[in-house]
Amino acid sequence: MLETGVPIPSQADSTQERLLEAAGEVFAEKGFRDATIREICKRAGANIASINYHFGGKERLYSDVLRYVDDATNDRHPAVSPEFARLSAEKRLEQFIVHFMRKVFDSDRPAWHQRLMAREMVEPTFALDELIDRNIKPRALMLQGIVREILGPGATDQQVQRCAASVVGQCLFYWHCRPMIARLMPHLGYSPENLESIAAHIHSFALGGLTQARAAMGNRPVGTGDRP
């Protein structure tokens with residue numbers, strides 16, 4: 001169900017879904033500001049009035065496209081397994097990293113999905129806050145909860161957030177730096193096919209860093225420092 005209250009029809013050739021797909025391609029290529037309603041409708045084979053009818057305008061369409069992309073990825077990669085909450089923090093961290101890497105390296109989705117999200121990060125629009133609140137923030141809080149449990153009760157919010165950012169940063173490095181990795185570190189054996197081994201390395205490295213950070217904090221009470 002879209003925010004507009006209009007469900008996405010199941011037929012692949014529905015006007016609404018064609019508009020979402022066409023808009024996603026145009027927004028990914030040109031960005032929100034330079035994309036035009038006319039070009040989107042032309043690509044979708046739809047009447048120029050159809051965007052107002054289905055989405056209420058260009059801004060709502062853009063927000064719905066971002067949700068459409070994220071929801072499509074989440075449908076293919078469900079966030080957690082039923083037993084997730086019963087696992088140790090170390091195992092939850094492992095599952096989080098594997099799930100995150102699978103989403104980042106999802107080769108089954110259209111190429112414009114990744115280009116659009118990357119553009120939104122580089123050229124943020126009005127829709128970013130909504131996307132964060134609805135989709136990204138819950139996952140970030142989940143990771144921070146895992147990290148906090150590993151670091152122990154003496155960890156400050158800043159320590160937890162920095163450590164969580166370091167975990168995500170390791171994952172994103174392998175995606176964003178693919179051309180550099182292939183040229184500078186060919187011996188690394190990096191490829192999407194050995195994703196599980198990369199995730200295992202990130203988990204081992206992150207867990208080692210978190211364990212060391214916890215040891216460095218000792219029994220220090222909350223608020224007595226902000227550097228692990």
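Here the side chain of S204 pairs no donor or acceptor atom with the backbone of A200 at under 3.5 angstrom. Without hydrogens or angle criteria, S63 side chain to R60 main chain gives no donor-acceptor distance under 3.5 Å.
Residues F105 and Y174 place their aromatic rings such that the two centres sit no closer than 6.0 Å.
Applying the ring-ring contact (aromatic ring centres under 6.0 Å, His included) criterion to H176, with sequence neighbours excluded, gives no partner residue. With sequence neighbours left out, the side-chain hydrogen bond (donor to acceptor under 3.5 Å, both in side chains) criterion links R76 to D106. Residues meeting the salt bridge (charged side-chain N to carboxylate O under 4.0 Å, His left out) test with E123, sequence neighbours left out: R119. With sequence neighbours left out, A28 forms a side-chain contact (heavy atoms from CB on, under 4.5 Å) with W112, R115, L116. Qualifying side-chain contact (heavy atoms from CB on, under 4.5 Å) partners for E120, counting only residues two or more places apart in sequence or in other chains: Y62, L66, P124, T125, L128. Annotation: side-chain hydrogen bond (donor to acceptor under 3.5 Å, both in side chains) contacts of N52 (sequence neighbours excluded): none. The side-chain hydrogen bond (donor to acceptor under 3.5 Å, both in side chains) search around K103 returns N74, not counting sequence neighbours. Scanning for side-chain hydrogen bond (donor to acceptor under 3.5 Å, both in side chains) contacts around E94 gives K91, with sequence neighbours left out. Annotation: ring-ring contact (aromatic ring centres under 6.0 Å, His included) contacts of F173 (sequence neighbours excluded): none. For Q161, the side-chain contact (heavy atoms from CB on, under 4.5 Å) test picks out Q144, D157, with sequence neighbours left out.
Heavy-atom contacts from other residues, nucleotides or ligands closer than 6.0 Å to CD of E29 number more than 12.
Between C171 and M101, the shortest heavy-atom distance links the atoms CB-SD, 3.5 Å.
Salt-bridge check for R139 with D70: passed, with a basic side-chain N closer than 4.0 Å to an acidic carboxylate O. Checked for salt-bridge contact, R214 and E90 miss the test: no charged N lies under 4.0 Å from a carboxylate O.
Using bins of under 30°, 30° to 60° and over 60° for the plane-to-plane angle, the ring pair H201/F205 lands in the tilted bin.
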Under 3.5 Å, side-chain donor or acceptor atoms of residues 35-42 against the rest of the protein: list the pairs with distances, not counting sequence neighbours.
from, atom 1, to, atom 2, distance (Å)
T36, OG1, E39, N, 3.1
E39, OE1, K30, NZ, 2.7
E39, OE2, R43, NH2, 3.0

